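First the proteins, then the strands, lettered A, B, ... as listed; each starts at 1. Only a predicted model underlies this, so the values are computations on that prediction, with no experimental measurement involved.
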Amino acid sequence: MARLHRRRGRLGLGGLICLLILTALSVLILIPIVFTFLYSFFPKGEIETYLAGRGSYAADKWLDVLYAPAVVSLRQYYKIFIEDPTYLRLFCNSAMYTGGILLGQALVVPLTAYALSRFQFRGRDFIFFCILILMILPFQVTMAPSVITLRYLGLMNTPWAVILPMWFSPFYIFLMRQFMVGIPNELLEAGMVDGAGPVRGYVHVILPVCKPIIFAAAALSFADCWNMVEQPLVYLAGQTSLQPLSVMFNQISTDGADVAFAGSALYILPTLLIYLYCQEDIVAGIQLSELK
Amino acid sequence: MRKIMTAGLCLVTVLCLCAGALAADQTLLVREAEDDELYFYPQQLLTVGDTLYILCSMEDSCSLYRWQEGMAEAELLTEGLFRANRFDTMAEALEYVENAKEPVPGDPEHALGNLVFTDGERLMALNPLNGQLFAFSVENGEIVYEDLAKAEDVSLLRHASEEYSYWLYPESWAVADGRLLLPLMDWNDATGEADRRMIVMDLATGVMTRADLPYSETVTGCRDGQIMLLVRDPDNPYDSEKGEYYPYDLVLWNPADNTTQTVGQLQEEWVNRISYLPAEDALIYMNDTRIMGVTGLTGKEQYGYAPATYGQSSTVVGDSLAFISNSRVYLRTLTRGFDTDDCVTVYGSYMSDGAEAFAEKYPQTPVYFYRDYYGTAEELSQAMLTGDDAMDVLRMSNDEIALSTLMDKGYCADLSGDAELMAYVSSLYPAFRDAVMRDGKLCAIPISAYSYDGWFVNLTVMEDMGLTEEDLPTNMVELCAFANRWNDEWVEEYPSYTLVSYVEDYKEMMFYWMFSGYLSYCQAENMELRFDTPVFRELMTALESLDVEELNRGANLANEDEEGYRAGLFMEGYGVVGSFYDPEKENRASILKPITLTADTAWHPEVHMEVLFVNPRSAHMDAAVKLIKEEIAHLNDTYAHVLRMDATDPVRYDYYDQWVQSAQKALDDARKALEEADEADRKDYQLQVEELERNLEDVKANEYMISEGGIRYYQETVAPAMYVSRPSVFYTSEDASGELSTLLERYMQGQIGLEQLIREMDSKIMMMQMENY
Amino acid sequence: MFRRKKIVWLLLLPGLAGLMLFYVVPFFGGIYFSVTDGTYENNYVGLQNYAQVLGNPMFQLGLRNTWELSLLCAPVIWLLAFVLSAMLRTLKDRAVPFRNILLLPYLMPSSAMLLIWTLMFDYGGVVNRLAVAMGLERVLWLEGDALRFPIVLLYVWKNLGISVVLFASALSAVHPSLYEYAALEGAGWWTQAFRITLPQILPTAFLVFVLAWVNAFKIFKEVYFIGGAYPTQQIYTLQHFMNNMFARLDYQKVTTAAYLFAIGVMVLFALMYLSKAVRSPSEA
């Protein structure tokens, strides 16, 4: 700790420039998010006129940059929450998918990662390599046959079509495995002294040790599910009422300019909160996704 | 030897069983409308013991037929029942009887209204004119009435409002425990809302009350003296979350203690009529052409087949179901777990004339209709390949994108091996024939064709405005100039006319006509769809010069009398193909005006064609082809003439003679009245006679639905120019058409210019086409 | 490490079964489509579909664009991430909030950002205001060639954070004495970063580049949101081709294109894996 304090004091000219640049960059990065929240408090009339000014090709026309609303309005939030249940229903759909996926992943992913990291068996590296490959392929690659498989299983156009495949998402297995590989053997062996088998070892030693990475994976997975677009679009093609917010979002924002920003703000909020809560874990998690 | 004998015995048994089953399937009453007796139809079926009574409505009276097992056809008992439902009061009815030139049969005191029913022992009716509730029977040709009670108040049976009132028609009825249950639906004229009534009438006193029961469109007497109701929220029957209808609740009402009990559910889109089959404790209803039953009020299964989509009135007689469909009374044996090897399942069609003829010709081969609709070729092809009752025959429109995909992928059986079908197809106009022949294979059979892009000129308006045919525009570009001229010169002068009927925004519509016309033009000329062409530019330049503010302002207003829209000089959207426009006909009110895109483009009326094709996986290929042949043989006259080159006989209107007769009669009457009239009234009568003379002429000019001249014009002018529309690249997928439409919208709203529109449209369309490369 | 425990297969069972069912089987099942003609008879056509797709101009366009876009994104992200992580290092523990802000967009839904993005890049938007203020011409950002810019920017905005975090973690492993020595030698910040830091973390740098590159192949959601299914030719990616073919239910072309794509990605990935193995044989 003493060392850290000492370091804080010594920020040279180079450091100062870095500080300035990084501050500027951070502001730039935050602008879209901050303005989304800001515009969500603009009253309907004001934001509608503003948005209507888009898409003009007139050389003398400029969009103003609005910094503050004439009147702060919460009307659009009222509309989203109480007047028009569409948004809330979509929000609930999103929550349902995200919840379902996270639950399933909690069961499947650490277990698989455990088997892949703490055991020696033939074919292990092959399986791991396959998972790596699957991880980097875009969704479109397996889209068509997936639809056929899901239809065959009778899952097409049901929420399960979106939820079930995500339980086995290769990326999270990979992430978890990376962490578990790094757990020192001694730790495990200490736990094994009383002759615990692999299963008890998993429950009593591995899972507690993995808490941070589980948080990180859960947070990343949450963001992933919350932003999911392709899967519901394809697997729930005919079911508008089942679609999550992420898919229907554009339509909502074109339908009503007044709620577009309020909707965006609300849509962003859960991920924002989760990020604020587990940012350290997430950073740690991402550091692991480097191949080692 | 034993084997053969056993087999033989089995065969005989099976044949006997089949014969037995078939013998009971009868058509009891076929009395199609004949020319001299237009007004006749079977109205109600009533079962009394083992006897089926058929009540029919005729012009002046009702008739009663009777059928019992063993009879080949129903026998007429009497035609002398007084028909009440066209009178509002007793006085009206009596006045009619008094003034009638010929004696009116029946007894107005015991008139039959909409409420005729039975308690299973005798026929009963309520005379709405005087509230008399009575039983009736026919003995030795004489009608015997027995008065039961007098209803004081029948207002529940009536729709009454300030404008008009009439007797409501009950959807169904049921009797149990000396009470009649009657669902009635009325409309509240003021609010426009449905007023649904469940009415209970005490048969001993005739007192009618509103029952506190959930509304059920159809009711039937059921087990243990109870009444079955099918209950579902009538205002909200559809579950949009699940994308299907909510199930009906099966609710038993016990009239004795006025309790209800829900005994189960029935998942059906819509059930029109239910009946009760005591032998199986089953509810019987019809679902398209399937007769279905809910055995023991729980298990749904098929009980039979009937060549009708649904029965209007149905009742169980013995072990059979009797029902009315299309003015016929059918009888079908009810067999639990009905099954048949040979059947045809049809997608996208309905009980057409051809299907009906097929059902008559091959009564052992049920025709089932698919209720589901599949939007994409993929879903459709899946349904064609799987399922036990996979579709055999499909009916689709030629410009459905799914059809062309299916054809490309071979999802249609080659029918070129059938000489009869080949003969039919080679008799078609080349445009239709070419559309269904692929590499020498016959993929589909054209079954109907229609169009709606014809422009007609309202001659009255034209002459009124002092214009001649030569003054009128002949293409879209000229039409724009004409609209500008109208805008500048004629809006004030002719306030009750407008350029084209029912147009509210000329700029928008003009763009729509030009654009869709341009799509058609490219298809008709077999050109790749591109917008960077002189023709499209010429069109858009004309559109941009359009200045129709004045014209628009008046366009959506009513005409001077404020009745309806302004009359248009042009009428757009009428059929060129199928209307058999006859330029030689005299006394026309309007003339067809071929409108092309520009001065240099040819005229191409667009035809939408429907085809039938056979699933190559069909297990009932023979029956499928037979069904198609029946459809061909029963094409309606219009379609036959549109499709077939050899259909050259003119077609008269069925009722032409009657029309002429009645017009002549009216004229004669008026002339007679003119002769007898006082000097003072003569002028009015004279005018009336002249009016009727003109009317008679008009009627006489309309002898032919399809005239010789019409056929000639079709053959010489329309058929060579027309083209059968195909799916356009514009509608390749939802994404594709969505994006192109957005571009068009942006152009119309002035967000992007013409050059950008053309560039982006071409770029997108080229991408779509190249993806297919 | 457990060895030869039969129980491992039990532990693996749910995960493997799911992976097989939802990923592996569909992946290989697609082969069936890619070698048949998709007609009613479903004839075997060998590699005809592959030849056809390879010859398809839109596939070629999509391939080229995906290639170009990824090659545009990857270096930008790599360079920015390297410089930024070096800066973060200079700031030492003051760096944490900046690093967290850099990573924040990674979790943000692109679709929610779209509205504000199109506002900023509107013809009359902020970006053009800045351009004019700097004496440049106004640009139609949302059409034609220029559309690549907002898309790449959105992608960078979203994905920069991960690379920064990866770099930063690698940097933290570099021994601080190296810098102290360099500072004594009078080396400037820039020299330090590229002369000392980079060689030290070369394996990670290589990895970050390849990961950024491979990840950029997945760039589609953003393009689709902005440009739709048929955007201007400059941003039509391979995923557009597959998506549109899927919308037309042409499974033959979808799967064939998918395999060609997958083979490309795998070759790249295998190269990376191999070079990694070559670089650090002790670890492999």
Asks: Can you measure from CZ (C:F28) to OG1 (A:T142) and round to the nearest 0.5 angstrom?
Replies: 12.0 Å

Asks: What I'd like to find out is whether the side chain of A:Q279 reaches to under 4.5 Å of the side chain of C:V96, using heavy atoms alone.
Replies: no

Asks: Considering only heavy atoms from C-beta outward, does the side chain of A:E230 approach that of C:Y224 to under 4.5 Å?
Replies: no

Asks: With rounding to the nearest 0.5 angstrom, report the CZ to CD distance, C:F246 to A:Q140.
Replies: 10.0 Å

Asks: So what's closer than 4.5 Å to chain C heavy atoms on A:S26: side chain, backbone, both or neither?
Replies: both

Asks: Using a 4.5 angstrom heavy-atom cutoff, name the option from C:N243, C:I101, C:N100, C:V254 with the most pairs to chain A.
Replies: C:N100

Asks: What's the separation between atom OG1 in A:T271 and atom CE in C:M108, rounded to the nearest 0.5 Å?
Replies: 4.0 Å

Asks: Going from OH on C:Y106 to CD1 on A:I282, what distance comes out if it is rounded to the nearest 0.5 angstrom?
Replies: 10.0 Å

Asks: Please classify the contact between A:I29 and chain C as side chain, backbone, both or neither, with a heavy-atom cut-off of under 4.5 Å.
Replies: both

Asks: Between OH of A:Y39 and CG of C:L115, what distance do you get to the nearest 0.5 Å?
Replies: 10.0 Å

Asks: Going by the rule salt bridge (Lys or Arg N to Asp or Glu O under 4.0 Å), which residues pair with C:R89 if we only count those two or more places apart in sequence or in a different chain?
Replies: none

Asks: Which answer fits C:K158, side chain, backbone, both or neither, if we ask what part of it has an atom under 4.5 Å from a heavy atom of chain A?
Replies: side chain

Asks: Could you look at A:L25 and say if it's the side chain, the backbone, both or neither that has a heavy atom under 4.5 Å from chain C?
Replies: side chain

Asks: Taking all non-hydrogen atoms of both residues, which atom of C:A112 and which atom of A:Y267 are closest, and how far apart?
Replies: CB-CD2, 3.5 Å

Asks: Is the backbone of A:P165 close enough, under 3.5 Å, to the side chain of C:Y23 for a donor and an acceptor to pair up by distance?
Replies: yes

Asks: What I'd like to find out is whether the side chain of C:F98 reaches to under 4.5 Å of the side chain of A:T23, using heavy atoms alone.
Replies: yes

Asks: Heavy-atom distance under 4.5 Å to chain C: side chain of A:F222, backbone, both or neither?
Replies: neither

Asks: Contact part of A:F139 toward chain C, heavy-atom cut-off under 4.5 Å: side chain, backbone, both or neither?
Replies: neither

Asks: I want to check something: taking the side chain as every heavy atom from C-beta on, are A:Y202 and C:L11 in contact at a cut-off of under 4.5 Å?
Replies: no

Asks: Contact part of A:I274 toward chain C, heavy-atom cut-off under 4.5 Å: side chain, backbone, both or neither?
Replies: neither

Asks: Please state whether the side chain, the backbone, both or neither of A:L272 comes within less than 4.5 Å of a heavy atom of chain C.
Replies: both

Asks: If you count heavy-atom pairs under 4.5 Å between each of C:Q239, C:M120, C:M245 and chain A, which one has the most?
Replies: C:Q239

Asks: Does any part of the side chain of C:F261, heavy atoms only, come nearer than 4.5 Å to the side chain of A:L137, both counted from C-beta?
Replies: no

Asks: Begin with the C-alpha distance, continue with both residues' side-chain angles, and end with the deciding distance and a verdict on side chain to side chain contact (heavy atoms under 4.5 Å, CB included) for C:K221 and A:N227.
Replies: CA-CA 10 Å; C:K221 228 190 306 195; A:N227 307 344; 4.0 Å; yes

Asks: Report the C-alpha separation of A:F121 and C:W9 in whole Å, then their side-chain angles, then the decisive distance to 0.1 Å, and conclude whether the ring pair (Phe, Tyr, Trp, His ring centres under 6.0 Å) test is met.
Replies: CA-CA 9 Å; A:F121 58 92; C:W9 294 108; 4.9 Å; yes

Asks: For the interface with chain A, which of C:S110, C:G30, C:G18 has the highest count of heavy-atom pairs at distances below 4.5 Å?
Replies: C:G18

Asks: Checking heavy atoms, do the side chain of C:M113, its backbone, both or neither come under 4.5 Å from chain A?
Replies: side chain

Asks: Can you tell which part of C:P105 gets under 4.5 Å to a heavy atom of chain A, answering side chain, backbone, both or neither?
Replies: side chain

Asks: With respect to chain C, which residue among A:S246, A:A219, A:P170 yields the maximal number of heavy-atom pairs within a distance under 4.5 Å?
Replies: A:P170

Asks: Hey, are the side chains of A:L153 and C:L21 touching, using non-hydrogen atoms and a 4.5 Å cut-off?
Replies: yes

Asks: Tell me which of these, C:V126, C:L104, C:V24, has more heavy-atom pairs under 4.5 Å with chain A than the rest.
Replies: C:L104

Asks: Using a 4.5 angstrom heavy-atom cutoff, name the option from C:V165, C:N128, C:L13 with the most pairs to chain A.
Replies: C:V165

Asks: Taking only residues two or more places apart in sequence, or in another chain, which ones meet C:Y32 in a ring-ring contact (aromatic ring centres under 6.0 Å, His included)?
Replies: none

Asks: Please classify the contact of A:V108 with chain C as side chain, backbone, both or neither, using a heavy-atom distance under 4.5 Å.
Replies: side chain

Asks: Measure A:L164 against the heavy atoms of chain C and call it side chain, backbone, both or neither at under 4.5 Å.
Replies: both

Asks: Answer with side chain, backbone, both or neither: which region of C:L107 has an atom nearer than 4.5 Å to a non-hydrogen atom of chain A?
Replies: both

Asks: Check the pair A:I148 / C:F33 against side chain to side chain contact (heavy atoms under 4.5 Å, CB included), numbers first and verdict last.
Replies: CA-CA 11 Å; A:I148 308 246; C:F33 291 104; 3.1 Å; yes

Asks: For chain A, which candidate among C:V208, C:V265, C:L88, C:L12 shows the most heavy-atom pairs at distances under 4.5 Å?
Replies: C:L12

Asks: Do the non-hydrogen side-chain atoms of C:Y251 and A:V147 ever get within less than 4.5 Å of each other?
Replies: yes

Asks: Out of A:A113, A:C130, A:A144, return the one with the most heavy atom pairs under 4.5 angstrom to chain C.
Replies: A:A144

Asks: Which value, rounded to the nearest 0.5 Å, describes the distance between A:L20 atom CG and C:M87 atom CE?
Replies: 10.0 Å

Asks: Do the non-hydrogen side-chain atoms of A:Y275 and C:L103 ever get within less than 4.5 Å of each other?
Replies: yes

